[in-house]
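First the proteins, then the strands, lettered A, B, ... as listed; each starts at 1. Heavy-atom basis, side chains included; hydrogens, waters and symmetry copies ignored.
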Protein chains: 2
Amino acid sequence: MSNTTPRLLDEQLCFAFYSASKKFNHFYQDALKPFHLTYPQYITLLALWETSPMTVRELGSHLNLDSGTLTPLLKRLEKQGWISRKRSDQDERQVNVDLTDYALEKRDEVYARVNDCIDLMGFDDVDYNQLLDQVHQVMTKLDNISNKDLIHEA
Amino acid sequence: MSNTTPRLLDEQLCFAFYSASKKFNHFYQDALKPFHLTYPQYITLLALWETSPMTVRELGSHLNLDSGTLTPLLKRLEKQGWISRKRSDQDERQVNVDLTDYALEKRDEVYARVNDCIDLMGFDDVDYNQLLDQVHQVMTKLDNISNKDLIHEA
DNA sequence: AACAATTTAGTTGCACACGATTAACCTGTG
DNA sequence: CACAGGTTAATCGTGTGCAACTAAATTGTT
């Protein structure tokens, strides 16, 4: 990859990921409209449907989000009746996030709705998993580039 | 893909794209630190380095961004000396966005810096282009699902 | 016990992203 | 010319993301 020949915008992998991510967001926003959930709220519930309760920190490390993003998001989910937030008795710094009965009841309905929408895309299972794997590899590459490497070049 | 067996969060393609997109964003934020540019500002300049001037609408259709996002972003780029914004004489509804001399001068420096950083990832050209193509295919799938399809299921 | 260092969630400030609305402008038709 | 209908950029409101900071609580060390 030469440093003198600039890649066009549409040939940039970053732009493809950026655009695709926004399209996914839009897709889920539509699919989740019946439940009044945004995409970040949905993945938060997904994480909790897998494991709950979790502290804000644990949830954040699953989702790669910090408290600055999660705290207001969780407050909205609480207000809408999906989760409860309660400070731990053992360690009062931590806040335990747990699902409400409403969230447990709605789980299968949300799954079914989202999966129906995904089915419309007509993904082949093999393609899906192969692409998933490649995206994970890109993430590994991105993780392996430390800030130190970048500062060296500055 | 069954609707009864829920996929784990880490097996969801949407979450992989969501996470990868955030990592790319962080990567570019670091790479572009010397120029005080955010990633959306960078792709805006990329588009303009390819074609300029452009109206806000043209720019928006290249980047898939609407005026609600672009107007404040462009004002910041203008304030920092990268672009100029001028209402068209022929059609006063339109605003022509053009590069400043500063932006033209800095172009190669920005390209070199970003490409150096991308080189650190060690991408193979064939892999890169194959993955790019697959991401484009996913975007096509997402585009082909209209809101109508989703509403039918609601 | 005392107290410095660390951990945790919350807060603040800034920059997107986007739906919905608004205001100004252009265009086509009568 | 008049004016309804469409286009364009800007504005507003809500919801992320994230860096930097704060406050409270816990832990480690003396």
Side-chain angles (χ1 to χ4, degrees), chain A residues 14-15 18-30 32-33 36-45 53-61 63-80 82-83 85-97 147, chain B residues 14-15 18-30 32-33 36-45 53-61 63-80 82-83 85-97 147:
Chain A
C14 60
F15 186 62
Y18 168 77
S19 301
S21 181
K22 286 198 299 176
K23 279 182 202 295
F24 262 119
N25 200 304
H26 189 256
F27 168 79
Y28 277 88
Q29 218 84 21
D30 284 344
L32 295 166
K33 201 160 278 173
H36 305 290
L37 289 170
T38 66
Y39 177 67
Q41 289 166 6
Y42 163 71
I43 56 166
T44 303
L45 289 177
M54 272 195 279
T55 67
V56 173
R57 211 195 93 61
E58 287 168 334
L59 202 47
S61 71
L63 302 174
N64 299 308
L65 292 171
D66 74 356
S67 66
T69 302
L70 277 176
T71 297
L73 186 154
L74 293 171
K75 282 183 180 171
R76 279 175 216 115
L77 280 178
E78 186 181 33
K79 201 168 160 190
Q80 289 164 32
W82 293 93
I83 62 159
R85 299 187 313 134
K86 197 175 147 321
R87 229 156 245 287
S88 162
D89 290 331
Q90 293 82 47
D91 185 340
E92 292 203 9
R93 288 171 304 181
Q94 300 181 51
V95 167
N96 285 117
V97 181
N147 289 356
Chain B
C14 61
F15 185 62
Y18 168 76
S19 301
S21 181
K22 286 197 300 175
K23 281 182 202 292
F24 262 119
N25 200 303
H26 189 257
F27 168 80
Y28 277 87
Q29 217 83 22
D30 285 343
L32 295 165
K33 201 159 279 173
H36 305 290
L37 289 171
T38 66
Y39 177 67
Q41 289 167 5
Y42 164 71
I43 57 166
T44 303
L45 289 177
M54 271 194 278
T55 68
V56 173
R57 211 195 93 62
E58 288 167 334
L59 202 46
S61 70
L63 302 174
N64 300 307
L65 292 172
D66 74 356
S67 66
T69 302
L70 276 175
T71 297
L73 186 153
L74 292 172
K75 282 183 181 172
R76 284 186 278 273
L77 279 178
E78 187 182 33
K79 202 167 159 191
Q80 290 163 32
W82 293 93
I83 62 159
R85 299 187 313 135
K86 197 176 148 321
R87 228 158 246 289
S88 161
D89 290 332
Q90 293 83 46
D91 185 341
E92 291 203 11
R93 288 170 304 180
Q94 301 180 55
V95 167
N96 285 119
V97 181
N147 289 356

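Rounded to an integer number of Å, the gap from R76(B) CZ to dA10(D) C1' is 14 Å. Q41(A) has its CD atom 18 Å from the P atom of dA17(C), to the nearest Å. When the C1' atom of dT8(D) is taken as reference, atom CG of L74(B) falls 14 Å away, rounded to whole Å. Rounded to an integer number of Å, the gap from L70(A) CG to dT11(C) C1' is 14 Å. In this structure, M54(B) atom CE and dA9(D) atom P are separated by 12 Å, rounded to whole Å. Taking atom CG on N96(A) and atom P on dG10(C), their separation rounds to 11 Å, with Å as the unit. Summarising the geometry, the separation between CZ on R57(B) and P on dT8(D) is reported as 5 Å, rounded to the nearest angstrom. In this structure, NZ of K79(A) is placed 11 Å from C1' of dT14(D), rounded to the nearest angstrom.
For the OP1/OP2 pair of dC16(C) and a distance below 4.0 Å, the side-chain nitrogens and oxygens of K75(B) include no atom meeting the criterion. In this structure, T38(B) reaches the dC16(C) phosphate: one of its side-chain N or O atoms is under 4.0 Å from OP1 or OP2. Taking only side-chain nitrogens and oxygens, Q29(B) never comes nearer than 4.0 Å to OP1 or OP2 of dA15(C). Not one side-chain nitrogen or oxygen of R87(A) sits closer than 4.0 Å to the OP1 or OP2 atom of dT8(C).
When side chains are defined from C-beta on, I83(A) counts as touching L74(A), because their heavy atoms get closer than 4.5 Å. Counting heavy atoms from C-beta on, the side chains of W82(B) and L37(B) come closer than 4.5 Å.
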Using the 3.5 Å cut-off, write out each protein N or O paired with an N or O of nucleotides 17-23 of chain D and the distance between them.
from	atom 1	to	atom 2	distance (Å)
dG17(D)	OP2	Y18(B)	OH	2.5

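Set against dC25(C), dA9(C), dA10(D), the side chain of E92(B) has dC25(C) as its closest nucleotide. Closest to the side chain of T71(A), from the set dG10(C), dA9(D), dT16(D), is dG10(C). Picking from dG15(D), dT26(D), dT8(D) the nucleotide with the shortest atom distance to the side chain of R93(B) gives dT8(D).
Below 30°, between 30° and 60°, or above 60°: for Y28(B) and Y39(B) the angle between ring planes is between 30° and 60°, a tilted geometry.
Between K22(A) and N64(B) the shortest heavy-atom distance is NZ-O, 2.9 Å.
Side-chain atoms of T38(A) come within 3.5 Å of backbone N or O of Q41(A) as a donor-acceptor pair. When atom types are taken as modelled, the side chain of R57(B) and the backbone of Q94(B) share no donor-acceptor pair closer than 3.5 angstrom.
Judged by closest nucleotide on DNA chain C, E58(A) is the one of D91(B) and E58(A) placed further toward the 5' end.
A salt bridge links R85(A) to E78(A): at least one charged side-chain nitrogen sits closer than 4.0 Å to a carboxylate oxygen.
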